[in-house]
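Structure, as structure tokens:
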There are 2 protein chains.
Amino acid sequence: MQYDCITMQSITSEQRQNKQREKILAGAMRAFLTYGYAANMDTIAQEGGVAKQTVYTYFKDKESLFSALIDRLLDRFVTAGMGAELMAQEPPVFFRVLTQIALQRMDDPEYVGLIRVIIAESARFPELSETYLNRLVRPGVDSLAYYIRENPNLRFSDPEALARIIHGALVNFMISQEILNGKFMMPMSRERITASLLELILFAAEQAKQAR
Amino acid sequence: MQYDCITMQSITSEQRQNKQREKILAGAMRAFLTYGYAANMDTIAQEGGVAKQTVYTYFKDKESLFSALIDRLLDRFVTAGMGAELMAQEPPVFFRVLTQIALQRMDDPEYVGLIRVIIAESARFPELSETYLNRLVRPGVDSLAYYIRENPNLRFSDPEALARIIHGALVNFMISQEILNGKFMMPMSRERITASLLELILFAAEQAKQAR
DNA sequence: GTCTATACATGGATAGAC
DNA sequence: GTCTATCCATGTATAGAC
């Protein structure tokens, strides 16, 4: 009985701590994704609705907080390859869905901000780009290359290189439209990108099949 | 005669000033392209081999120096569309040369640094991405779209969207390999990218011609 | 024009009361 | 654990001697 009480207290205390931690991380997210690593600790604390000192109770220093946040964000967006259902689709459906999924991320300010910060701070924090490549890019590109390689209707000579081309076209569309404000200066609809990418891939696939 | 002397003096003085200005800009380039806008003024002066005060004789403040530098760098890399000789080539040659030219830029640390800084500081300095899009991206994409639209062997339904896809694939390859250190973590040769991109475009073009 | 020294502001991190 | 007040390093910008 005594021990149960202690356990109970310990749990609620831990929960409270986690809640505070969450508040801090949420505030830090807004600050870092807006100002990059240049965001200052006062702003971060204010955004989180806590005192600055409280931030330092949960995180050793600014760098720890930054790393923890990016790690958590990456976790949230980890693709872990593609679903089995999608991988089972024929090329027209597969590439259409793939493109739509990729382009939907443009609507998430946190995703856009994350990519911006990673590129921006990749010189200062090399492990950032390392994690990004390993956990977000590689699984996506690998799955895509696997699909291309295994589908009998897609007889491309270098699935891995092709996967990078497709992936790159989509990522760069997001960067130029959302991060570089191209949506105002050089607007281009997702539908047109999707349609043209499909045309390109499916036409080429058809020709490759005939040419083999 | 008197006036000639004055003119002479005025010219040499101006030349000296320009030389100092160049030294400062060269130093600032190294600093900014390495540390981003976070580079400090002492480092910049040191890199330029001048006293910090001298920097402030030529530039009002850090922001002016930064803007002047990026402007000058953008000038250097401005494509101003593609050459008439290239535009006259048939697709296989055209796309091969285009790809090689685009990928050669990866070897220029100043170009890579410029792209990184533009993405990094696009939130703080929106006019940066504006200039980049207008002077580097738009001419390239427009020329490419024009070529696709006008070449009778390329019957694609949306040349502008296709131009963005091709351009994006190349730019993102540079970003992931050079800026995000993918050349160590996920290496991929330019030759494979070039070959796959050519295969994709030319196969699709052939099919489009047959399908019309 | 150039250098040394310095004023002033900002921001990361901590001390001490509660 | 939380808040207020503060320390101290850093960095932008300038003043004054040469």
Side-chain angles (χ1 to χ4, degrees), chain A residues 6 8-70 117 120-121 123-125, chain B residues 6 8-70 117 120-121 123-125:
Chain A
I6 291 170
M8 289 284 284
Q9 279 182 345
S10 154
I11 285 173
T12 51
S13 164
E14 199 178 309
Q15 283 174 339
R16 252 189 87 192
Q17 281 192 1
N18 282 335
K19 193 165 179 183
Q20 280 293 66
R21 205 185 145 90
E22 285 307 307
K23 276 179 67 178
I24 294 167
L25 283 169
M29 182 151 61
R30 282 189 291 276
F32 279 132
L33 297 190
T34 308
Y35 302 106
Y37 192 72
N40 74 57
M41 294 298 278
D42 290 292
T43 309
I44 290 169
Q46 211 171 340
E47 283 284 332
V50 299
K52 188 163 61 162
Q53 180 65 15
T54 309
V55 177
Y56 284 97
T57 355
Y58 290 92
F59 299 94
K60 185 178 161 288
D61 53 18
K62 188 180 183 179
E63 193 176 327
S64 308
L65 173 58
F66 183 66
S67 300
L69 175 67
I70 302 294
V117 167
E121 308 299 342
R124 203 189 316 220
F125 302 103
Chain B
I6 290 168
M8 290 284 284
Q9 278 181 346
S10 153
I11 285 171
T12 50
S13 163
E14 201 179 307
Q15 282 175 340
R16 252 190 86 192
Q17 280 192 1
N18 281 334
K19 193 166 179 183
Q20 280 292 68
R21 204 186 146 90
E22 284 308 305
K23 275 180 67 177
I24 294 168
L25 283 168
M29 182 152 59
R30 283 190 292 276
F32 279 133
L33 296 190
T34 307
Y35 302 106
Y37 192 72
N40 74 56
M41 294 300 277
D42 289 291
T43 309
I44 290 169
Q46 212 172 340
E47 283 284 332
V50 298
K52 186 164 62 164
Q53 179 65 12
T54 309
V55 177
Y56 283 98
T57 2
Y58 289 93
F59 299 94
K60 183 177 162 292
D61 54 18
K62 188 180 183 179
E63 193 176 325
S64 308
L65 173 58
F66 183 67
S67 300
L69 176 67
I70 302 294
V117 167
E121 309 298 343
R124 200 188 320 218
F125 302 102

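Residue numbers start from 1 in every chain, and the chains themselves are labelled A, B, ... in the order their sequence lines are given, proteins ahead of strands.
Separation of atoms OG1 (B:Thr57) and CZ (B:Arg21) is listed at 11.5 Å; rounding is to 0.5 Å. Rounding to the nearest 0.5 angstrom, the gap separating the CE atom in A:Met29 from the OG1 atom in A:Thr34 is 10.5 Å. One finds the NZ atom of B:Lys62 at 6.0 Å from the CD1 atom of B:Ile44 (value rounded to the nearest 0.5 Å).
As rounded to whole Å, 15 Å separates atom P of D:dT10 from atom OH of B:Tyr35. Nucleotide D:dT4 holds its P atom 11 Å from the CD atom of A:Gln46, rounded to whole Å.
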Can you give one letter per nucleotide of nucleotides 3-18 of chain C, going 5' to 3': B for a protein heavy atom under 4.0 Å from the base, S for sugar-phosphate only, - for none?
B-------SBBBB---

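For A:Thr43, the side chain to side chain donor-acceptor pair (under 3.5 Å) partners two or more places apart in sequence, or in a different chain, are A:Asn40. A search for ring pair (Phe, Tyr, Trp, His ring centres under 6.0 Å) contacts involving A:Phe66 returns A:Phe32, A:Tyr37, A:Phe125, not counting sequence neighbours.
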